[in-house]
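What follows is a short report on a single structure.
Convention: sequence-line order gives letters A, B, ...; per-chain numbering from 1. The model shown is predicted, which means the values in this text are computed figures rather than measured ones.
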Number of protein chains: 8
Amino acid sequence: MAEAVYGPGKDPEHCAGIVAELLAEPDGGPVVITRVNDEQAEAALTRNPGGLRSGSTVVWRSARPRRERVVLVTAGTADLPVADECQATLGAFGFRPCLAADCGVAGIHRLATVVDDVVDADAVVVIAGMEGALASIIGGLTAAPVVAVPTSAGYGAGLEGVTALLSMLASCVAGLVVVGIDNGFGAACAVARMLAPT
Amino acid sequence: MAEAVYGPGKDPEHCAGIVAELLAEPDGGPVVITRVNDEQAEAALTRNPGGLRSGSTVVWRSARPRRERVVLVTAGTADLPVADECQATLGAFGFRPCLAADCGVAGIHRLATVVDDVVDADAVVVIAGMEGALASIIGGLTAAPVVAVPTSAGYGAGLEGVTALLSMLASCVAGLVVVGIDNGFGAACAVARMLAPT
Amino acid sequence: MAEAVYGPGKDPEHCAGIVAELLAEPDGGPVVITRVNDEQAEAALTRNPGGLRSGSTVVWRSARPRRERVVLVTAGTADLPVADECQATLGAFGFRPCLAADCGVAGIHRLATVVDDVVDADAVVVIAGMEGALASIIGGLTAAPVVAVPTSAGYGAGLEGVTALLSMLASCVAGLVVVGIDNGFGAACAVARMLAPT
Amino acid sequence: MAEAVYGPGKDPEHCAGIVAELLAEPDGGPVVITRVNDEQAEAALTRNPGGLRSGSTVVWRSARPRRERVVLVTAGTADLPVADECQATLGAFGFRPCLAADCGVAGIHRLATVVDDVVDADAVVVIAGMEGALASIIGGLTAAPVVAVPTSAGYGAGLEGVTALLSMLASCVAGLVVVGIDNGFGAACAVARMLAPT
Amino acid sequence: MAEAVYGPGKDPEHCAGIVAELLAEPDGGPVVITRVNDEQAEAALTRNPGGLRSGSTVVWRSARPRRERVVLVTAGTADLPVADECQATLGAFGFRPCLAADCGVAGIHRLATVVDDVVDADAVVVIAGMEGALASIIGGLTAAPVVAVPTSAGYGAGLEGVTALLSMLASCVAGLVVVGIDNGFGAACAVARMLAPT
Amino acid sequence: MAEAVYGPGKDPEHCAGIVAELLAEPDGGPVVITRVNDEQAEAALTRNPGGLRSGSTVVWRSARPRRERVVLVTAGTADLPVADECQATLGAFGFRPCLAADCGVAGIHRLATVVDDVVDADAVVVIAGMEGALASIIGGLTAAPVVAVPTSAGYGAGLEGVTALLSMLASCVAGLVVVGIDNGFGAACAVARMLAPT
Amino acid sequence: MAEAVYGPGKDPEHCAGIVAELLAEPDGGPVVITRVNDEQAEAALTRNPGGLRSGSTVVWRSARPRRERVVLVTAGTADLPVADECQATLGAFGFRPCLAADCGVAGIHRLATVVDDVVDADAVVVIAGMEGALASIIGGLTAAPVVAVPTSAGYGAGLEGVTALLSMLASCVAGLVVVGIDNGFGAACAVARMLAPT
Amino acid sequence: MAEAVYGPGKDPEHCAGIVAELLAEPDGGPVVITRVNDEQAEAALTRNPGGLRSGSTVVWRSARPRRERVVLVTAGTADLPVADECQATLGAFGFRPCLAADCGVAGIHRLATVVDDVVDADAVVVIAGMEGALASIIGGLTAAPVVAVPTSAGYGAGLEGVTALLSMLASCVAGLVVVGIDNGFGAACAVARMLAPT
């Protein structure tokens, strides 16, 4: 598994120190900081060279590239920060996920272009806020493992992700699994558990 | 509008009496009892001949037949009691709705057979429990008014209809409207308001 | 239907770009940005001339004027931003809604002046926060379709719109339909679905 | 104040014994058992003669008749058991409340017949389930104290009284006060506190 | 009743204008703005001379002094802003309430000093956050009407007033009545309804 | 600690078997079954002689008598089943708790008789439903450890114990600790942890 | 994937008919009825010979045996019905899961005996009610995929599975995935997705 | 017990004044301000010399040193502010708690180093957010009293401490007691009650 540091609320030097400590373990896996701000990223990268920042995620000691096909599908542009976190963490595990953005149910015709990718995937991560219906639709298209990530994107009855979370848990599609709201990091780790290196 | 009597908790003679009173108004519209049991239905029909029972709904003084195309779509067999109430009430207003049952997201291929009906409909009622994703999908297929009815069918994270309700309210499809959980009667009345006799 | 862009969280150029893309589709309907700030509105209008801003809503490619009578009723002054969004979106569809503001239950006598408008309307949108009782009262006055919009206006037991939402869903008036909290845009789209161009 | 015994879950002899004990205090006020079943009522009345049963409430040692005008208004027939409890308890305090049943918002025209009673009342109790809008309407008609009792009558989004409770607490009518769900006894005691004997 | 303007979210000139309009009605009662900031208060007082500001409440056209004894009891210092709103509004109705602050259950001995005032009161308002137990205690001490105001003071399990609200509604003291969270204005209006001028 | 078996849902022989297994451990502490019905109790006692049943609790291998003073205070008669479970479990640990029943806030004068016991106690367990205010009052009277047990006794806004739970957690009395709803067994174990044998 | 029929609320002949229809598809996968009662099971097995009943689950057309090591871990005996459903469904996919029952956190020493199985597993399903802490512990022991199933076993603050659900979603162990409350069937399908036949 | 002042929302001079008043009582115990900011701390310390600030807690008139062994265990670094408040308050009572930080379930191996301290402790305070599983694990290791403090640390499904709170209340470990979310002060007072000076 990856070792992760959750950025918010930590001061930059503290972030940098934890990363240093984790990198000091000789046989460790990837080290990830999530939801960093610029100060935290700079402090951590200065003290621990070799990290790679992507949006609000920084990764050190990524695994070697792997060939499994992982597909990320998002419902709307507001889901992209969570997708970024997921994508960066998947990268830490050596995956090169393909991202299909903005496939929400309202524009279901856009899904057509990614159906083949989804059907052939080794694992799919669906990232959706609002009513989260996309997870059910994707789950019905493939027999691969599908990890659903509810997001707090949206407003009103989306209840900051609770509606999507409940919707994904109650999905009538068999075998869908769910992680916590906005937890792109967790979804990536779940994929890494499922697609163990062989 | 229709006058409605909600059956549960009322004794049979009380039901029969309220119906009699409502029918006594000379120019009234349809009269409907919802969620009756056998005793209530029998008492009400004996005292007020001319009623038509359909499942747990009884209707008196139905309106003349109308030609608008109303489509009812349900997600699963567990949603049928709500669909029955909706269908019977639509009948009281003179509609002859077409019912497309069991079109849940898990079996999205079954939807293909009803797409044409939905696209050509004057109004659509979507009845779904669990995660309620069907409402978003139907809403994306048609520009007609779509009334979404969350049902308490299902279990666990369906939260007795709350998940479907939130999901429908948070739908990313524009212009979807929602009625209360299991409220097939209300959805039918909403359709009657929308398709006013001309 | 209209194509809508939800402003919050998007940077101005992003807003402008999405609008440009939507306007590029030759036979599209109205394009609407909701809840814009000044920077977003300016960027979008500069890049896409011909838009019309009204409060926090900007509309391009409005439909031709239509003659149906749509009435908007609000309970209090705090509901006006939602009414503005609804009114602007109705305008995008070609409607010229009449607005009856500040008709809350506490001042029920003020309702008297709008009863005739409501009774003669082709569709009514009721926008109310706090306890949302206005929706029930308006629903009891007319047989036209009534779309209820709960608002997050108010405080304490209003629970940021949840009380009004529940109240509207539980209304004892038959055939009332509801959209999400503060969703003036959605209510306008629902009206557009109901009053299809003939 | 009255001394009250809450029936449910107590065995009949236990009920009878508590009543006996309360009646043994020489200068006590009225003694009331609420929500009794037949066995409890019989046991209590046999051991403690002189009680008066009314529905599921039994009262001993009622106060002398009083002249204040108390009006009870209910929204629907399903609210009557709560109204009965309230009426019987008011009787224990010597009041002879006037009951205006079935004045729900859906049939607002029925309210017309009781407006005068409400305006002239010394205190009003409004008993309503579903969306509870009746409390706001009555509160707007009178300057007398108005006690609102949410009831668990209704179904779906009524949430067993929670919707009416929230709605009454959030009412935009100033000075409305609320008691717990189905608490007809408590509303009567509140009236007794307000209309202290002079 | 008083006419009230809720300050938050309104611009100062708007506040001033509504007040002016309300004062223009010749036979009206008191006019109150609640939760004003300095700009709103200044604008309103400049345009409408004769108002009296007290904390975040401004009152115009107060009623003549009255002799009933109204007692305000608060649990902690954090409840004082709500008590101020209640006290200022009571003043608008002509009452001169006596305030017993900081009588929380933790320091129940402090209650001793106000027991006599409470017992002799014509009406009592109890203002408490956290667990709201003070309302039950005060209610057990007096037969006068007791209006309980839950406040959002406190933290954690106080749930911003919800715990106190539920606690007050569930109180085992008969005849306690409750208004919405932090609604000091409403409690004062409730007292004014109860103690009608004679 | 005690080993406990939760009765509900287990068949009698299963209960008897688990108890037998737990008693087979030579140096174990007390063994307790909670919330048994008659069949479960009989089966368990027949197979495992030497147990002592008290209400719905059966205890084997009680500890030797201890001298610490533990006081149980309940708010109402409906709280007694929880008090019984607590008392029986305390007995299993060798305590002989003194029970002060029916000391609810509404009848606060009844508290007077137990104040001395509470002040001198080595530990106090307060068992209360409804608004749970009793815990705050007892906590203010003593410096001994006070364990609060919310009960599901009561109705309406008591929310089956949630109101009392929140109220106890939010208590303004410092150092109050809380266990789960109706968890009389847990409260007794907490006391046993606090008053370790010396 | 498996085709599943949810038993509750369906009459026996209906169950039997749906199974027959699903088995009629020539190349289909396993067919499963969950939560059957005796009448449903008998009707379905009589009409569709060759099914295998295990507790409240009946399976037809199981897949060929597979060699992956799947481990089921339950926290308490009350979780066994969910474990049975999961085990039977895993059997339908050809797995022969090993079951480690009663490894709850309270008896963490019992875990020691299964640590090796968990570490070597290809997939682990953790089934736990109450506080659901077992999922975090198991997740920390293995890099294999871990599917957490919250159960409604337990009482009080377990909130019928909601506490375990939230606890599992909030777990600080990376890569844990969750299915709906009591959804043993869904967890088995998730494992089948993850361990695709090779 | 200690007298405590809750800082947030009080102006610095007010804080200083309350502390002065509390210190004026001749035989009082420790005086504590919690969650102070710099201005409040400075004002209070200037007016009341002799206080000791530690993080956001300031203590006056600490008790004499005591010898009982109190252990504080935290799950993550985000829980430290609550641990600081608890530690400072324990210091006010004369305890010198030993702090074992960052022992969360994900890194359960880190627990090994503190097991002996926990087993030998006179009282343990467990401070954990997210899923709160640490409390169950610690509770299973020791027979000493264990006070669980849920913290609002974490995000998403941690629900600002509610998940940890429910998890701790539902723990299958007997005799665990719980205080409110983030209530490090309360936990310290609970320990002081349990370990009464002898």
- [ ] Return the option, out of D:G180, D:A148, D:A143, D:A123, with the maximum number of heavy-atom pairs under 4.5 Å with chain E.
- [x] D:A143
TODO: Against chain E, label D:S171 side chain, backbone, both or neither, depending on which of its atoms sit under 4.5 Å from a heavy atom there.
DONE: neither
Open item on the list: Within the structure provided, determine whether D:R193 and E:L176 are in side-chain contact (heavy-atom separation under 4.5 Å).
Closed with: no
Open item on the list: Heavy-atom cut-off 4.5 Å, strictly under: side chain, backbone, both or neither for D:A4 against chain E?
Closed with: neither
Task: Which atoms of D:L165 approach chain E - backbone, side chain, both or neither, heavy atom under 4.5 Å - done: side chain
Task: Choice from E:A2, E:C189, E:G175 maximising heavy atom contacts with chain D below 4.5 Å - done: E:G175
- [ ] Flag the one option from E:V177, E:V191, E:L166 with the top tally of heavy-atom pairs under 4.5 Å to chain D.
- [x] E:V177
